[in-house]
Structures are given as C-alpha cells and as structure tokens.
Amino acid sequence: MKVSHILYLASLVWAHSGSHALADLDSLPDRKTAIPRTTDSVPHVQINVVPVPEISEALLRRVSELSGVEIRQTVVSQPGALGFWITEDTTLARPEVIVGGREFAHLHPDGSLHASLSPALAKLAAEKGWAVSHPWADQRPGWGGFVMIFTPVNSDELDVVFGLVEASYEFVTGLDSSSN
C-alpha cells in the first residue's frame with residue numbers, strides 16, 4: 001500500500017473519530033450559492049466577491065471564542081487579513097500543516113479564508129462547493145489540506161464555514177473544539 005494512500009486513510013479515520021466539528025463527513029451540505037472564481041496564483045484571492053460585514057464579524061466573534069485561539073494580524077496573508085492564532089499554551093498535534101507561526105487559518109478582507117483541513121475534508125469541501133485547494137497545497141509536505149474557504153453570504157453558510165474552521169482547529173491541535 002502506498003504511503004499517500006495510508007495517509008489518506010488515516011485522515012479519514014481522524015475525520016470520523018468523533019470530533020465535534022463536522023464529525024460526520026456526510027453532514028457537509030452542498031453549497032447552494034454560486035462558487036466564486038479565484039486566482040490560480042499567489043496572492044490566492046476570490047474575484048469580484050463582496051463580503052457581508054455582519055457575517056464576517058459574526059465569524060470572527062465565534063472563532064475568538066475557541067479555547068486557545070487569538071485573532072491577530074496575519075503573518076502570511078495580504079494586508080488587512082486577520083490570522084487565527086493558536087496560543088503558545090495550546091498543543092499543536094500537526095505543526096507541519098501551519099503555514100506560518102501558529103496561524104492555522106486567516107480571514108481575508110473579502111470574507112474568504114485560508115485554512116488547513118484534513119486532506120479528506122479538504123477534498124470533500126471542494127467537491128461540495130465550499131473550498132478550493134491553495135495553489136501551493138501540493139508543494140510542501142503537510143499542506144495537502146490547505147484550502148481557500150469561500151466567503152459565507154448568509155447565516156446558514158456562516159454555520160458551515162465556522163464548522164470548517166472548527167475542523168481546522170481540531171485537525172491542527174488534536175483537541176475537541178466542543179470542550180470550549
């Protein structure tokens with residue numbers, strides 16, 4: 001059995017291991033709104049998308065309530081983006097999937113996010129219309145699940161996007177976000 005196949009199977013086991021966020025991969029719904037176009041280079045951004053400020057603010061508020069997470073200026077993205085940082089006193093189970101520092105995800109001014117998901121969840125999120133792989137996702141070990149999650153435009157989409165952020169937090173830390 002190839003190593004890549006073993007790693008894929010391991011990520012499936014993790015995704016089904018009872019984590020709070022999207023514990024059942026089958027619970028990820030299809031995105032109903034249009035899938036934004038994105039650049040295929042860096043900077044990796046959506047094209048012609050206008051965020052809903054209240055939705056972005058609600059997302060930031062929910063992320064800031066995750067245990068061991070701070071909202072800071074990003075160290076890896078464009079000016080105006082906000083990084084989701086795991087505090088020093090919080091364990092990192094998979095430090096290799098983090099792009100820079102302890103920033104496991106970041107919110108762009110257009111409302112989209114980059115986040116590190118398990119490879120299985122990243123693949124499913126793309127299939128269901130929620131995300132697209134980052135152009136560099138296949139260029140560094142551990143980045144196979146690095147995706148852009150599209151801007152949520154209503155409260156239902158906010159719930160799904162926050163679930164993906166929780167799944168990223170759980171994947172990177174190995175912790176259950178429901179213990180917050």
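- Contact detail for P36 and Q46: the closest heavy-atom pair is CG-OE1, 3.4 Å.
- With hydrogens and angles ignored, the 3.5 Å screen pairs a side-chain donor or acceptor of T151 with a backbone N or O of S112.
- Counting all heavy atoms, side chain and backbone alike, E170 lies closest to S178 at OE2-N, 4.3 Å.
- Residues L59 and L113 meet the side-chain proximity criterion, which asks for heavy atoms closer than 4.5 Å.
- Criterion: ILVMFWY side-chain heavy atoms under 4.5 Å apart, direct or through other members. Under it, V99 and V45 are not part of a common hydrophobic cluster.
- Between M148 and T38 the shortest side-chain heavy-atom distance falls below 4.5 Å.
- Listed here is the closest heavy atom pair of E166 and L66: CG-CD2, 4.2 Å.
- E57 is linked by a salt bridge (charged side-chain N to carboxylate O under 4.0 Å, His left out) to nothing, counting only residues two or more places apart in sequence or in another chain.
- Ion pair K123/E127 flagged as a salt bridge, since at least one NZ, NE, NH1 or NH2 atom sits closer than 4.0 Å to an Asp/Glu carboxylate oxygen.
- Under a hydrophobic clustering in which Ile, Leu, Val, Met, Phe, Trp and Tyr are joined whenever their side-chain heavy atoms come within less than 4.5 Å, directly or via other members, L60 and V49 fall into different clusters.
- Separating the CG atom in D110 from the OG atom in S56 is a distance of 8.5 Å, to the nearest 0.5 Å.
- In this structure R37 satisfies the salt bridge (charged side-chain N to carboxylate O under 4.0 Å, His left out) test with no other residue, sequence neighbours excluded.
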Q) Q73 and L82: side-chain contact (heavy atoms from CB on, under 4.5 Å), yes or no, with the steps? A) CA-CA 5 Å; Q73 292 299 313; L82 295 172; 3.4 Å; yes
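- One distance of note links NZ of K128 with CG of L164; it measures 12.0 Å at 0.5 Å rounding.
- Hydrophobic clustering places L107 together with I98 (ILVMFWY residues linked when any side-chain heavy atoms are closer than 4.5 Å, directly or through intermediates).
- Evaluation of the side-chain hydrogen bond (donor to acceptor under 3.5 Å, both in side chains) rule for R102 yields no partner, not counting sequence neighbours.
- There is no path of hydrophobic side-chain contacts, each under 4.5 Å, that joins V132 to L28.
- Taken from CG in L117 to OG in S133, the straight-line distance is 9.5 Å, to the nearest 0.5 Å.
- A donor-acceptor pair is defined here as one N or O able to donate and one able to accept, closer than 3.5 Å; no such pair exists between the side chain of T173 and the backbone of T91.
- No more than 12 heavy atoms of other residues, nucleotides or ligands sit less than 6.0 Å from atom CG of N48.
- Taking CD1 of I71 as the start and CD of E103 as the end, the distance is 10.0 Å to the nearest 0.5 Å.
- Minimum heavy-atom separation, L158 to R62: CG-NH1, 3.6 Å.
- Among residues two or more places apart in sequence or in another chain, the salt bridge (charged side-chain N to carboxylate O under 4.0 Å, His left out) test is passed with D156 by none.
- Side chain of W130 to main chain of E157: no donor-acceptor pair is present (N/O by atom type, distance under 3.5 Å, no hydrogens or angles).
- The distance from the CG atom of L92 to the OG1 atom of T87 is 9.0 Å, given to the nearest 0.5 Å.
- Residue pairs meeting the ring-ring contact (aromatic ring centres under 6.0 Å, His included) criterion with at least one partner in residues 73-97, sequence neighbours excluded, are absent.
- Using a 4.5 Å cut-off on side-chain heavy atoms (C-beta onward), P29 and V160 make contact.
- The two residues A93 and G174 come nearest to each other via the heavy atoms CB-N, 3.7 Å.
- The minimum heavy-atom distance linking G129 with R31 is given by the pair O-CD, 2.8 Å.
- Partner of F150 under the side chain to side chain contact (heavy atoms under 4.5 Å, CB included) criterion, chosen from T33, I35, V161: I35.
- At distances below 3.5 Å, at least one donor-acceptor pair connects side-chain atoms of S64 with backbone N or O atoms of R61.
- Judged purely by atom type and a 3.5 angstrom limit, Y169 uses its side chain to pair as donor or acceptor with the backbone of S67.
- For F146, the ring pair (Phe, Tyr, Trp, His ring centres under 6.0 Å) partners are H114, H134, W143, not counting sequence neighbours.
- Counting only heavy atoms from C-beta outward, the side chains of I55 and V153 never approach each other to under 4.5 Å.
- A side-chain donor-acceptor contact under 3.5 Å links T39 to the backbone of P43.
- Side-chain contact between F104 and V97 is absent, with no heavy atoms from C-beta onward closer than 4.5 Å.
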